[in-house]
Protein chains: 2
Amino acid sequence: MIRITREADYGIVLMTCLARVDGQPRSAATLAQQRHLPLPMVGKILKALARAGLLNSQRGAQGGYGLARPAAEISAADIIGALEGPLAITECSTDMHDGCSRQDHCEVSSHWPRINQAIYAALQSISLEEMSHPDPPRPLHFHPSQRTATAGIAGRPV
Amino acid sequence: MIRITREADYGIVLMTCLARVDGQPRSAATLAQQRHLPLPMVGKILKALARAGLLNSQRGAQGGYGLARPAAEISAADIIGALEGPLAITECSTDMHDGCSRQDHCEVSSHWPRINQAIYAALQSISLEEMSHPDPPRPLHFHPSQRTATAGIAGRPV
DNA sequence: CTAATCAGTACTGTATTAGTTCTATTTGTG
DNA sequence: CACAAATAGAACTAATACAGTACTGATTAG
Ligand code: FES
Ligand code: FES
């Protein structure tokens, strides 16, 4: 099943925590305790998010992390991308792409980028602000294309 | 990075092959050779797709696999779902959900299903027919939501 | 009957992930 | 200044998941 890593999962959880206090910095230890997450993990994740420019960090006593921009301007894609590297749903669609020996005679290769973009857009369309409110207020900004049947034998969304 | 397994990757490749011959069955061996994929893998994947009802299988000599419905009515989501199980981007959002001990004090949990749905819709909107034509004719059926900035420091789509 | 082909399951080596640990650096406070 | 509180960064380990293989059994055309 398509999964994000737990790092990204935690990342979103932590970001929502920070979004709720709006700019005020919190230390890694505080957040770990609040969310009952392992402290070393939290540290690692916050460091990565800071490196990616999504968080401001303040070192030293009384230091901590705070959002670098308003929650409305941070998307799920930003957070996941920061923690998992550039979005690429198959190895075939990465930039380096040294691996796939089959590309020469592959008719699908040209379509992977589209699939990536579709997913990226989906994640981009969900803002941290929306996620940090307990109730999902708005419906999805998604326009699911008027295709025919596509009856879902396969995995329905949960 | 958000990745589908290679099984699903190959699955899409194989399905496009079958889509191009429109209904005519091909044997696993034939497809494996055509695409230079390891035969045992191909066998495994086609079996799974047949179990999921996306392919018809014919046993015995001269047997093989053919699409169970028109390519236009099969989506990327169907194929991926068949090979990877129900789409669930985090363990928190699976049905069983026995794992996540943090759910009680988790404000994000209610949003995971939305993220899942967004991705699911994105995958659903791409049909096998579109994928089996070498040239991407239509633009994305996606309406990327009028949000403000979300400047992409993080992973841009590739 | 026999060969071709799918069905199903169990196994293994490898790669990735989850999580820890340690050292260095920065900075507020007494 | 000395110290404590915090982040920065990298290296390491154990568990898990994936990719690929192997084998046995069932079905069917010729
Ligand atoms: S299988 Fe890699 S480019 Fe198509
Ligand atoms: S972290 Fe699992 S439900 Fe929120």
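Owing to the predicted nature of the structure, the values given are computational and were not obtained by experimental measurement. Protein chains get the first letters and strands the later ones, always in sequence-line order, with residue 1 at the start of each.
For Arg69(A) (side chain) and Leu54(A) (main-chain N/O), no donor-acceptor pair under 3.5 Å exists by modelled atom type.
Spacing between atom CG of Leu83(A) and atom P of dT17(C) amounts to 12 Å, rounded to whole angstrom units. Going from atom CG of Asn56(A) over to atom P of dA6(D) covers 18 Å, rounded to whole Å. To the nearest angstrom, P of dT7(D) lies 11 Å from CG of Leu55(A).
Remark: Ser57(A) is in phosphate contact with dA8(D), judged by side-chain N or O atoms under 4.0 Å from OP1 or OP2. Close to dA8(D), at under 4.0 Å from its OP1 or OP2, lies a side-chain N or O of Tyr65(A). In this structure, Arg51(A) does not reach the dA8(D) phosphate: none of its side-chain N or O atoms is under 4.0 Å from OP1 or OP2. Considering only side-chain N and O atoms, Tyr10(A) lies under 4.0 angstrom from the phosphate OP1 or OP2 of dG19(C).
Gly43(A) comes within contact range of no nucleotide atom at all, as no heavy-atom separation falls under 4.0 Å. In this structure, Ala28(A) reaches the sugar-phosphate backbone alone: every heavy-atom distance under 4.0 Å involves primed, P, OP1 or OP2 atoms, never a base.
The residues Glu130(A) and Arg114(B) are annotated as salt-bridged, a charged nitrogen and a carboxylate oxygen being separated by less than 4.0 angstrom.
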task: Starting at the 5' end of nucleotides 20-30 of chain C, put B wherever the base has a protein heavy atom under 4.0 Å, S where only the sugar-phosphate does, and a dash everywhere else.
output: BB---BBBS--
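Under the salt bridge (Lys or Arg N to Asp or Glu O under 4.0 Å) criterion, Lys47(B) pairs with no residue at all, not counting sequence neighbours.
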